[in-house]
Structures are given as structure tokens and as C-alpha cells.
Amino acid sequence: MSRLILSCNYKLLIRRRRNHKQENRILSNWIQIQSLTMFAESIIPINSLQSNQKIWTIEAMVLRQEIIETLNNVQNNGKIWKMILADNMGTKIQAVMFNEAIRKFEGIFQYSKAYLISNGTVKKPNEKFANVHPSLELVLQQHTNVQETTSTFDAHIFANEFVKFKKIQKHIEINPYVDIFGFVSSVGQSYVIKKKNGGETHKREITIMNKELDSLPITLWGDMALNEGQMLQENFDKKQIIVVSNLNGTTYQGQFQLSTTNMSTIQFDPHCVQVQKLKKWLHSSPTNEIDVQQLAVEKKIKQAKEINIRDLLTNPSPIMENTLYYFQATIDDVEKKDQPWYDGYRVCNKRLTETREGLECYKCDTKNAESIPRYHIRLEVIDGNDKAIVILFDEPATSLIGCTILDYINSVRKFTSHFYKKMVSCKSMQYKFLFNSNRVTHSATGQTLTIIAQGIETAQADNFAKINEAETHETKKKRQLKKKIVEAIDAVEPTPIEDEDINKSNPNEKELIEIEDDENLNAFYKRQKQIPRKKKPTILKKKIKLENV
DNA sequence: CCCCCCCC
């Protein structure tokens with residue numbers, strides 16, 4: 001438990017003040033000191049708060065801030081702002097603010113900072129809705145006292161336990177929510193989703209990976225897709241490690257997936273032993289030098305079921321739904337008939353159809369949709385006499401041609417370009433194409449087979465050896481590194497680390513942890529908010545020092 | 001003093 005020690009000797013101050021004949025001021029000072037002392041002496045854990053409790057002080061960190069919303073009910077046309085706070089015992093609670101309180105605190109509360117908070121309302125939340133705290137919620141008002149502190153909390157105390165990727169589905173069967181951590185390996189665009197009730201929400205898919213290079217897709221919903229999602233996107237190249245709490249697991253069309261809830265929080269590179277270990281590993285050579293994503297694809301291919309084009313063409317029924325497969329085939333040609341993109345609807349990424357009125361999204365029923373090009377490469381592949389069309393979007397295409405498709409398209413017009421040479425060198429080479437069985441389509445005649453590949457891997461070495469000497473050298477070096485890593489990953493036992501660490505580590509134990517990117521991130525958050533920081537609240541003007549006892 | 005728990 002933390003205790004506040006006042007750095008000024010206030011008894012002395014009182015005596016000195018008595019010498020002045022200003023009884024009123026003495027009195028007011030006394031009151032201030034009394035409340036200060038009370039503030040200092042009575043920091044209580046959130047889990048000891050009682051409903052309607054009048055006198056309390058908590059020290060809590062801001063784990064999440066929602067977007068300030070405008071209430072649109074007729075009577076109460078005001079604003080609401082919700083936050084999720086947590087104290088050093090790991091107890092979370094939702095704090096709600098309305099109009100005047102929002103005006104007072106919107107420049108004060110900052111993501112991932114800690115505050116002393118007192119003099120607000122402790123109430124029962126609406127039982128209809130899931131809440132981070134099962135029975136309580138705070139309402140912060142104009143008269144609420146808020147004072148920033150320098151405390152940092154260990155991230156793992158906010159998590160019940162970090163569940164291993166492989167154990168998530170089983171965990172969800174027993175527990176409603178799951179907490180995980182990993183490094184961010186992909187961040188998608190955010191989309192507006194039309195809800196069945198007519199409203200709108202936002203959605204963004206991200207993928208995180210663990211030390212064993214298992215990847216885990218997570219869907220961010222609502223303003224988390226916008227706020228945290230944008231931070232993840234803008235800092236993507238920093239190899240961020242995140243702790244995501246209170247994820248919900250659902251099964252949609254046989255596929256298990258994780259989604260955020262209104263209780264979910266994301267912490268960016270937080271202070272925590274497990275995160276620190278992963279960070280160290282992630283930034284260490286040789287993983288730093290090679291494409292971790294491609295390694296992950298290769299790992300998936302290892303675990304996927306092998307199939308051949310003939311099986312897919314002749315007898316597609318035994319293929320399991322939503323299962324990863326791969327086939328091996330040779331690139332015969334790169335289709336040039338089509339432009340290598342289609343018009344996608346900016347909002348949902350779906351294909352647009354041209355009508356008399358303009359471009360229409362066939363899924364969203366949107367007229368005159370604003371389009372974006374969705375780049376992809378269509379390959380004709382062969383395995384003996386069996387042919388298939390393979391479509392590569394984004395990452396798989398990048399791993400084939402060594403650049404983004406946009407780069408390729410921009411440079412491919414000059415036929416002397418490096419990328420074009422690379423593309424040509426892919427022809428008559430063998431690859432393994434990874435795909436999900438639900439991304440396979442057969443033509444009406446049953447003659448043509450089209451798959452959308454999730455990833456590709458060269459099936460034979462030295463594919464790119466011809467291109468130039470320097471690169472050959474690099475490729476060899478990388479290949480050696482890769483071999484090392486793959487061996488190391490394969491050697492890793494399924495549950496090697498962290499479990500004991502969680503038990504061992506004690507939240508009260510101060511550990512020196514260096515977070516390199518912390519300052520950048522903090523600067524980033526400030527920029528994000530673009531709100532000038534206001535003066536601190538008035539009650540605590542004296543310098544206070546926080547100490548662990 | 002508020003509220004949807006979502007979609008392919």
C-alpha cells in the first residue's frame with residue numbers, strides 16, 4: 001500500500017501562521033491540511049469501495065479512455081465520457097463523467113497515467129450491461145479532486161492471467177474473457193459496419209504474434225478500432241508489444257475468433273516482465289533481420305494439410321471447412337488480361353459494380369460509392385496437367401515480389417525494373433500456396449479453380465539466386481539465420497515461459513525496466529489528443545512525495 | 001445523468 005508523506009512540515013506551518021493574527025486564514029489552512037491529510041492517509045484499494053461511500057481516495061491508472069460522446073436523448077442533450085481505471089491491486093472500475101466534469105477533466109486525464117482521485121460518487125452500474133467492476137462504478141463530478149502521481153503499475157496485475165495462444169479456446173469455454181499479450185504483426189484498415197438495428201460501428205482486424213510465432217487475429221470494435229487501432233497503425237514499424245485484456249471469444253461460421261468488448265483495454269509496451277522478455281527477444285538479432293511474418297507463414301504451412309490441385313478439382317467435398325491447406329505448384333504465368341486491381345468500396349473493402357448511376361457496393365447497397373483500388377496479382381499455376389488460378393493480395397504478394405503491389409504496379413511499366421525482373425524470375429518456379437478452404441471457388445463448369453492465398457513459400461531453394469550477386473549473398477545469410485530461428489522455435493516446448501513468472505512477480509516489487517519507446521509513445525498520445533494540458537486541480541498545492549512502505 | 005455488445 002502506498003502512503004503519502006508531505007514534504008512540508010505542516011505543523012510548523014500552522015504555528016508560524018498563528019503568529020499572524022489572521023484567525024480566518026489559520027482556520028482555512030487547517031481545513032485544507034485536514035483534507036490533505038485525509039487524502040494522504042486514506043488511499044484505499046478499489047476493491048474495498050462501498051456503494052454510496054462518501055469519503056474515499058483511490059490511486060488509479062487510466063487504462064482506457066473512450067471518445068467523448070454526445071447523448072442524443074431529448075431530455076439530456078449533453079456529453080458523456082467514460083474511462084476504465086485500475087489500481088495497483090489490479091481492480092478495474094469504470095469512471096463516468098458528464099458535461100461540466102468533462103470540461104474540467106478532459107485535458108487532465110491522460111492515457112496510461114496514474115491519479116489520486118477523491119470526492120466522487122460511488123454507485124451501482126446498470127446491471128443490464130457488463131461492467132469491468134461487477135458491482136460499482138464511479139461518477140466524477142465538478143467537485144471531484146484529481147491529482148496526477150508518478151506511479152507506474154505493472155501491466156500484468158491488470159490481467160487475470162496471460163493465456164497462451166493455444167489455450168485460448170479452452171480458456172474461453174470456462175471463462176468469459178481472456179487476457180493476452182504479443183507483438184503486433186498486422187494492422188488492418190478500420191471499416192464502418194452497419195448494425196442490424198440501423199446504427200453504425202467501427203471494426204478493425206489486427207494480428208498479434210507470440211514468441212513461438214503463432215499468430216492470433218483480434219477484431220477491434222467501436223472506438224477502439226479508431227483510437228487504439230490508429231495508434232497501432234501509426235506505430236506499426238516500432239514492433240509494438242501490447243497487452244489486451246477482457247477479450248471475448250466467439251465462434252462465427254465454425255471459426256473461433258477474439259473480439260474486444262466494452263470492457264477491453266489495450267496497453268502499449270507496458271511495464272511487465274513478460275512483455276519485457278518478449279521485447280528483448282523481438283529486438284534481438286537474428287529475428288530483427290528477417291521477416292518474422294514470412295516465418296509465421298512457413299510455420300503455418302508446416303501445420304497445414306497438404307492437398308493437390310487435382311483433389312480440389314475432382315472431389316472438393318471431403319475438404320474441411322475453415323481449414324488451412326496448401327498445395328505445391330509451379331507458376332506458369334502472371335495473368336495480364338485484367339488490370340491487377342479491382343474497384344473496392346472504401347468503407348467495406350468489397351467489390352463495386354458499375355451501374356447506370358455509378359459505382360455500387362453489392363454488399364452495402366451504397367450508391368455512388370467512393371472507390372479504392374484493391375491490388376492483387378493473379379497467377380496461373382500448374383501441377384502436372386492440373387491448373388489453378390492463385391490470387392495474391394497484400395502480404396503474400398509482397399513476399400513473392402519483394403515489394404508492395406503498388407510499388408510493383410508503378411515500376412512494372414518499366415520493364416527493366418528490379419521488381420519486374422523478380423516477378424519474371426518467379427515463373428517456372430515451385431511454390432507452396434497456403435489458403436483457407438473457404439477461399440476456394442470453382443467455376444460453374446467445374447473446370448477452373450481459384451484460390452486466394454494467405455501466404456506463399458518457395459518450394460525450392462535459390463529461386464532468386466539469379467537476380468544479382470549481392471542479393472544472393474544476403475539471401476544465403478538470411479537463409480542461415482532463418483534456419484537457426486526455425487530450429488529454435490521447433491525446439492521450444494509448448495509452454496516454456498511466463499507461467500511461473502506470473503506467480504513469482506510481486507506487484508509491490510519495484511523492478512527497473514527500461515522502455516525505450518515510452519517517451520515517443522507518450523508524445524504520440526499527447527499529439528493524438530491535441531488538447532493543451534490544464535493546470536492541476538487546486539486542493540493539493542503542496543508538493544507531495546509518493547513512497548512505498 | 002449512459003448503453004450496441006456488433007460483421008463478414
Side-chain angles (χ1 to χ4, degrees), chain A residues 51-52 64-84 93-105 120-133 136-144 172 176-178 188-207 217-226 229 244-265 321-322 344-345 347-351 361-366 374 393 436-439 441 452 454:
Chain A
S51 187
N52 298 320
R64 178 161 163 69
Q65 292 175 315
E66 284 192 12
I67 289 171
I68 298 172
E69 279 179 280
T70 305
L71 302 173
N72 42 12
N73 32 349
V74 190
Q75 302 164 324
N76 219 341
N77 205 12
K79 286 179 173 179
I80 182 169
W81 191 26
K82 288 179 273 187
M83 295 192 304
I84 294 176
I93 194 162
Q94 177 171 270
V96 187
M97 284 161 278
F98 296 94
N99 312 314
E100 319 80 42
I102 294 174
R103 240 168 278 138
K104 183 177 171 189
F105 292 123
T121 307
V122 186
K123 65 180 262 296
K124 289 198 163 94
N126 189 334
E127 281 174 21
K128 276 202 303 193
F129 303 103
N131 201 300
V132 275
H133 194 292
L136 294 176
E137 162 176 288
L138 300 177
V139 181
L140 309 186
Q141 286 113 337
Q142 246 185 324
H143 58 262
T144 299
I172 286 285
Y177 301 106
V178 68
Q189 287 294 315
S190 76
Y191 298 110
V192 176
I193 298 292
K194 293 208 167 119
K195 294 189 286 188
K196 282 165 186 165
N197 70 2
E200 280 183 351
T201 188
H202 301 272
K203 175 194 172 180
R204 190 197 295 262
E205 304 273 1
I206 65 162
T207 313
I218 300 171
T219 307
L220 310 184
W221 285 101
D223 62 351
M224 194 169 254
L226 300 178
V244 194
S245 299
N246 279 346
L247 286 168
N248 193 357
T250 48
T251 305
Y252 179 80
Q253 293 187 355
Q255 180 127 322
F256 180 77
Q257 61 178 34
L258 290 176
S259 302
T260 60
T261 65
N262 64 333
M263 295 151 46
S264 299
T265 56
E321 273 187 33
N322 282 303
Y345 180 31
V347 169
C348 68
N349 232 349
K350 294 289 186 305
R351 189 185 289 267
C361 178
Y362 80 103
K363 280 280 181 194
C364 312
D365 255 358
T366 307
R374 291 278 291 137
F393 282 95
N436 189 305
S437 52
N438 63 9
R439 307 314 303 270
T441 47
I452 295 173
Q454 269 192 22

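Labels below follow one simple rule: chain letters A, B, ... track the order of the sequence lines, proteins then strands, and each chain is numbered from 1.
- To the nearest angstrom, C1' of dC6(B) lies 14 Å from CG of Leu226(A).
- Counting any heavy atom pair closer than 4.0 Å across all strands shown, Thr260(A) reaches a base atom.
- Distance Glu205(A) CD to dC8(B) P: 13 Å, rounded to the nearest Å.
- Residues Val132(A) and Gln94(A) approach most closely at CG2-N, 3.5 Å, considering heavy atoms.
- Atom pair Asn126(A):CG and dC5(B):P shows a separation of 13 Å (rounding to whole Å applied).
- Enclosure of atom NZ in Lys124(A) is not indicated, since only 12 or fewer non-hydrogen atoms of other residues, nucleotides or ligands lie within 6.0 angstrom.
- With rounding to whole Å, Ile80(A) atom CD1 is found 13 Å from dC4(B) atom C1'.
- Leu71(A) places its CG atom 10 Å from the C1' atom of dC3(B), with the value rounded to the nearest Å.
- With hydrogens and angles disregarded, no donor-acceptor distance shorter than 3.5 Å links the side chain of Lys82(A) to the backbone of Glu66(A).
- Following rounding to the nearest Å, Trp81(A) (CH2) and dC3(B) (P) show an atom-to-atom distance of 19 Å.
- Using a distance-only test at 3.5 Å, with no hydrogens or angles considered, no donor-acceptor pair links the side chain of Trp221(A) to the main chain of Thr261(A).
- Picking from dC8(B), dC5(B), dC6(B) the nucleotide with the shortest atom distance to the side chain of Asn262(A) gives dC5(B).
- Of the candidate nucleotides dC6(B), dC3(B), dC1(B), dC3(B) has the atom lying nearest to any side-chain atom of Lys82(A).
- Residues Glu69(A) and Glu100(A) each lie close to DNA chain B; by heavy-atom proximity, the contact nearer the 5' end of the strand is made by Glu100(A).
- The side chain of Phe98(A) sits closest to dC1(B) out of dC4(B), dC1(B), dC7(B).
- A straight line from CD1 of Ile452(A) to P of dC8(B) spans 17 Å, rounded to a whole angstrom.
- Gln257(A) comes within 4.0 angstrom of a nucleotide base, judged by non-hydrogen atoms across all strands.
- The interatomic distance linking Phe129(A) (CZ) with dC5(B) (C1') rounds to 9 Å, in whole Å.
- A donor-acceptor pair under 3.5 Å links the side-chain atoms of Lys104(A) to the main chain of Thr144(A), judged by distance alone.
- Ile193(A) comes within 4.0 angstrom of the backbone, heavy atoms only, and of no base.
- Using a 5.5 Å limit on the distance between ring centres and a 30° limit on the angle between planes, the aromatic ring of Trp221(A) does not count as stacked on the six-membered base ring of dC5(B).
- Distances shorter than 4.0 Å separate none of the side-chain N or O atoms of Lys128(A) from OP1 or OP2 on dC4(B).
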